[in-house]
Asker: 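The structure's right below; bear with me while I get my questions together.
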There are 2 protein chains.
Amino acid sequence: MKASIYDVARYCGLSVVTVSRVLNNTGNVREKNRRKVLDAIEALDYRPHAAAQSLARGHTRIIGLMMTTLHDRFFETVVNEINRALARYGYFLALSVSSDVRSRETHDLMHEDRVDGLILLSLPEEDRYVAQLKKRSIPFVLIDNQRRDHMVPSVLTDNYYGGYEAAKHLLSLGHTRIAHVCGPEYFLSTRERKRGFLDALREGGLSPFAVVQGDYEIGFGYNTAKSWIRSGKLPTAVFAGDDYIAVGIVNALAEEGMRVPEAMSVIGYDDQYIASRLRPYLTTVRQPAENIGQSSVELLLKWIGAGSTASVTVEWKPELVIRESTAPLKA
Amino acid sequence: MKASIYDVARYCGLSVVTVSRVLNNTGNVREKNRRKVLDAIEALDYRPHAAAQSLARGHTRIIGLMMTTLHDRFFETVVNEINRALARYGYFLALSVSSDVRSRETHDLMHEDRVDGLILLSLPEEDRYVAQLKKRSIPFVLIDNQRRDHMVPSVLTDNYYGGYEAAKHLLSLGHTRIAHVCGPEYFLSTRERKRGFLDALREGGLSPFAVVQGDYEIGFGYNTAKSWIRSGKLPTAVFAGDDYIAVGIVNALAEEGMRVPEAMSVIGYDDQYIASRLRPYLTTVRQPAENIGQSSVELLLKWIGAGSTASVTVEWKPELVIRESTAPLKA
DNA sequence: TTGAAAGCGGTACCAT
DNA sequence: ATGGTACCGCTTTCAA
């Protein structure tokens with residue numbers, strides 16, 4: 001049987017209160033007694049009962065994380081960083097991965113007493129949750145939220161800036177026939193990247209070679225490039241909505257014996273694993289996932305600690321990473 | 001303030017015992033009273049306090065999962081499946097990702113009262129934990145464990161079989177100059193796959209063209225292939241230790257204008273995301289991640305439920321997935 | 001069928 | 001500096 005705080009108290013001939021005190025470093029305890037308690041704890045291999053502490057203290061030191069998929073380098077990194085940051089503050093991570101927004105487990109995490117707070121990582125239909133969370137007054141933070149108008153604590157990256165920088169880079173290389181192959185319209189990030197892209201081109205006095213919309217999938221990039229090739233009309237540079245699309249484009253060109261960046265410059269987004277592993281290494285726009293994960297934890301814990309609902313928004317700038325897949329336009 | 005079971009009892013004019021009974025579907029409650037309770041719960045938006053339940057019941061309905069990285073399709077899928085299976089049984093998932101075996105958060109999950117059980121997903125130095133877990137008598141299951149000799153409940157795949165099947169496939173295609181580019185020796189899986197590969201070749205009266213050892217990385221496959229090309233001595237087929245190595249090989253060949261499978265057959269392992277997305281689609285060996293995740297949960301919950309330590313081992317057979325990257329040897 | 005009361009293992013207020 | 005005790009919210013005997 002596991003030792004309780006009473007066992008410890010009995011063992012060292014002191015009261016549970018004193019034991020509790022040394023456990024929590026609170027109040028004054030005579031050094032001699034402190035040692036006795038510590039020894040007793042050691043001898044009995046005692047560790048406080050989490051549920052009992054939660055019940056007495058009114059909080060769990062558990063933070064919930066809700067997300068839809070783990071298959072994304074950016075998400076993985078964020079999760080990792082959240083995990084690390086929480087551990088540093090002595091919190092635990094409860095994870096709920098569910099692509100089905102309405103599924104049961106997702107909601108179960110939202111009990112106010114299960115978790116001290118919640119992080120919502122790029123959740124579609126985030127409004128569904130925000131309303132509930134507010135009603136139950138559970139502290140929460142949104143990462144990469146879809147709407148920017150509601151007043152909720154959130155951490156996001158400037159996708160407009162990312163798209164803008166990507167286009168600028170291509171323009172600075174002398175390209176004029178530039179296409180954008182982007183993801184689904186319903187993502188705010190998609191729309192923002194596109195808007196940045198378009199603005200940059202406009203400033204350069206250009207209009208896009210094409211703007212094609214589809215999924216964030218290798219296959220979509222592949223098919224798009226193939227259809228360009230079939231039509232015989234190719235851009236000289238393309239801004240892909242993410243690295244997977246970019247890789248798909250490179251893949252299709254390679255099959256036709258066309259090299260990147262010689263035949264076409266390609267820039268991706270997200271700096272996924274393969275972006276820096278597969279030749280040609282991809283020029284891409286990296287989101288500072290580490291900072292994002294950390295900010296979200298700090299924001300959340302600040303809320304929990306202060307009880308303040310001060311709706312702060314932290315925005316990070318993405319970073320252009322220039323590698324092999326973009327090059328100056330050949331005259 | 002959140003409603004407690006006392007509020008509910010008061011609201012419906014019954015005792016907390018009765019409320020508890022309808023909550024847990026235990027004991028007999030008059031249908032009329034049952035309705036009253038249900039209505040009160042509804043009216044007060046009551047949900048039981050998790051910590052209080054845990055304290056009273058002696059368990060948490062939380063299962064911990066310890067792993068070292070999320071960046072792996074196989075792991076992701078397993079995590080997803082565990083998450084789903086757990087939810088189905090009304091359990092929650094506490095995740096700890098940590099590549100540092102000695103890190104603090106990893107150990108914190110091992111408190112017997114934090115979690116009802118633990119799943120260790122392909123953890124190096126698993127012995128460290130197993131000893132602790134046994135000592136504290138926390139139920140646990142190992143997935144993809146590194147040692148097969150100790151008597152612990154575990155779920156694994158037959159890597160020997162996978163390596164054997166991969167080699168057989170290549171042999172059946174008429175290849176005789178077959179190489180194996182494998183991962184680090186310290187993984188049991190690496191050794192088993194290699195053993196299966198070697199045995200199959202031996203049965204075919206062949207010895208390998210080469211066995212090269214390195215990391216499970218695209219770059220390793222790439223470099224290996226490049227060095228073959230430089231030396232001018234190439235195998236006609238290669239069994240890569242995993243898909244990343246395989247993709248690296250394909251990538252290197254492509255750069256030299258050599259096509260897969262025409263110039264060389266390549267078979268991977270794990271059926272990672274890119275295996276079925278990047279042309280040529282990879283022939284590979286898939287581990288049934290879904291089944292594995294599910295088995296681990298079932299094994300663990302059975303242990304928890306029965307209190308039995310019956311050390312069961314579940315072994316799954318991997319499956320050969322034939323796609324585009326392997327072809328008959330041209331005469 | 002129902003309820004009073006005793007835990008479960010801590011924390012914290014209030015005396016001493 | 002230390003300890004008695006009420007309490008956190010729920011489950012579980014045991015009687016009625």
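For the numbers below, each heavy atom of this structure counts, side chains included, while hydrogens, waters and symmetry mates do not.
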Asker: For the pair A:Arg10 and A:Asp7, evaluate salt bridge (charged side-chain N to carboxylate O under 4.0 Å, His left out) and give the outcome as yes or no after the intermediate values.
Answerer: CA-CA 5 Å; A:Arg10 194 176 317 122; A:Asp7 300 320; 3.4 Å; yes
Asker: Hey, does A:Asp113 reach any base, or is it just sugar-phosphate, or nothing, if we go heavy atoms under 4.0 Å?
Answerer: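 Contact class for A:Asp113: none.
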Asker: Should the pair B:Arg61 and B:Tyr91 be classed as cation-pi, given the thresholds of under 6.0 Å to the six-membered ring centre and 45° from the axis?
Answerer: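 B:Arg61 over B:Tyr91 ring: yes.
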Asker: Ignoring backbone atoms, establish whether A:Arg30 has a side-chain N or O less than 4.0 Å from OP1 or OP2 of D:dA1.
Answerer: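 Looking at the OP1 and OP2 atoms of D:dA1, neither is under 4.0 Å from any side-chain N or O of A:Arg30.
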Asker: Compare all side-chain heavy atoms of A:Val78 with those of A:Gln294 and state whether any distance is below 4.5 angstrom.
Answerer: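 When only atoms from C-beta onward are counted, A:Gln294 and A:Val78 do not touch, as no gap falls below 4.5 Å.
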Asker: What nucleotide among C:dT11, C:dG9, D:dG3 has an atom nearest to a side-chain atom of A:Ala52?
Answerer: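 The closest nucleotide is C:dG9.
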Asker: So does A:Tyr46 get a side-chain nitrogen or oxygen closer than 4.0 Å to the phosphate oxygens (OP1/OP2) of C:dG10?
Answerer: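 Yes.
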Asker: To the nearest Å, how far apart are B:Asp7 CG and D:dC10 C1'?
Answerer: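 Whole-Å distance recorded here is 13 Å.
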Asker: How many whole angstroms separate atom CG of A:Asn28 from atom C1' of C:dT16?
Answerer: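 In whole Å, C:dT16 C1' and A:Asn28 CG are 16 Å from each other.
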Asker: In terms of the nearest nucleotide of DNA chain C, which residue is placed more toward the 5' end: A:Thr26 or B:Val29?
Answerer: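 Checking each residue's closest nucleotide, the 5'-ward one belongs to B:Val29.
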Asker: Just checking A:Val17: base, sugar-phosphate only, or nothing, at a heavy-atom cut-off of under 4.0 Å?
Answerer: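 Answer is base: heavy atoms of A:Val17 come under 4.0 Å of a base.
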Asker: Using a cut-off of strictly less than 4.0 Å, decide whether A:Ser4 has a side-chain nitrogen or oxygen near OP1 or OP2 of C:dG9.
Answerer: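 No, because none of the side-chain N or O atoms of A:Ser4 sits under 4.0 Å from OP1 or OP2 of C:dG9.
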Asker: Would you say the side chain of A:Ile82 lies within less than 4.5 Å of the side chain of A:Ser296, judging by non-hydrogen atoms?
Answerer: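 Yes, at least one pair of side-chain atoms sits under 4.5 Å.
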Asker: According to a strict under-4.0 Å criterion, is B:Thr18 in side-chain N/O contact with OP1 or OP2 of C:dG3?
Answerer: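 Yes.
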Asker: Whole-Å distance between C:dG7 P and A:Leu55 CG?
Answerer: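 Checked: the CG to P distance equals 17 Å.
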Asker: Within less than 4.0 Å of OP1 or OP2 of C:dG9, is there a side-chain N or O belonging to A:Gln53?
Answerer: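 No, no such contact exists.
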Asker: Identify, between B:Ala56 and B:Leu14, the residue whose nearest nucleotide on DNA chain C lies closer to the 5' end.
Answerer: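 Looking at DNA chain C, the more 5' nearest nucleotide goes with B:Leu14.
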Asker: Just the rounded figure in Å: distance from P of C:dT11 to OH of A:Tyr6.
Answerer: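 Answer to the nearest Å: 11 Å.
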Asker: For B:Arg114 and C:dG9, what is the distance between atoms CZ and P respectively, to the nearest whole Å?
Answerer: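 Rounded to whole Å, this separation is 16 Å.
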Asker: Measure the distance from NE2 on B:His59 to P on D:dT12 and round it to the nearest whole Å.
Answerer: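 Going from NE2 in B:His59 over to P in D:dT12 covers 8 Å.
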Asker: Within the structure, does a side-chain N or O atom of B:Ser20 lie under 4.0 Å from either OP1 or OP2 of D:dC10?
Answerer: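 No, B:Ser20 has no side-chain N/O under 4.0 Å of OP1/OP2 on D:dC10.
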Asker: Counting the atoms with a prime plus P, OP1 and OP2 as sugar-phosphate, which does B:Arg34 contact under 4.0 Å by heavy atoms, base, sugar-phosphate, or nothing?
Answerer: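 No contact.
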Asker: Does any non-hydrogen side-chain atom of B:Leu95 lie less than 4.5 Å from one of B:Asn83?
Answerer: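 No, every pair of side-chain atoms sits at 4.5 Å or beyond.
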Asker: Rounding to a whole Å, what distance do you find between A:Ile5:CD1 and D:dG3:C1'?
Answerer: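 The answer, rounded to whole Å, is 13 Å.
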Asker: Rounding to a whole Å, what distance do you find between A:Arg21:CZ and C:dA12:C1'?
Answerer: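 Answer to the nearest Å: 9 Å.
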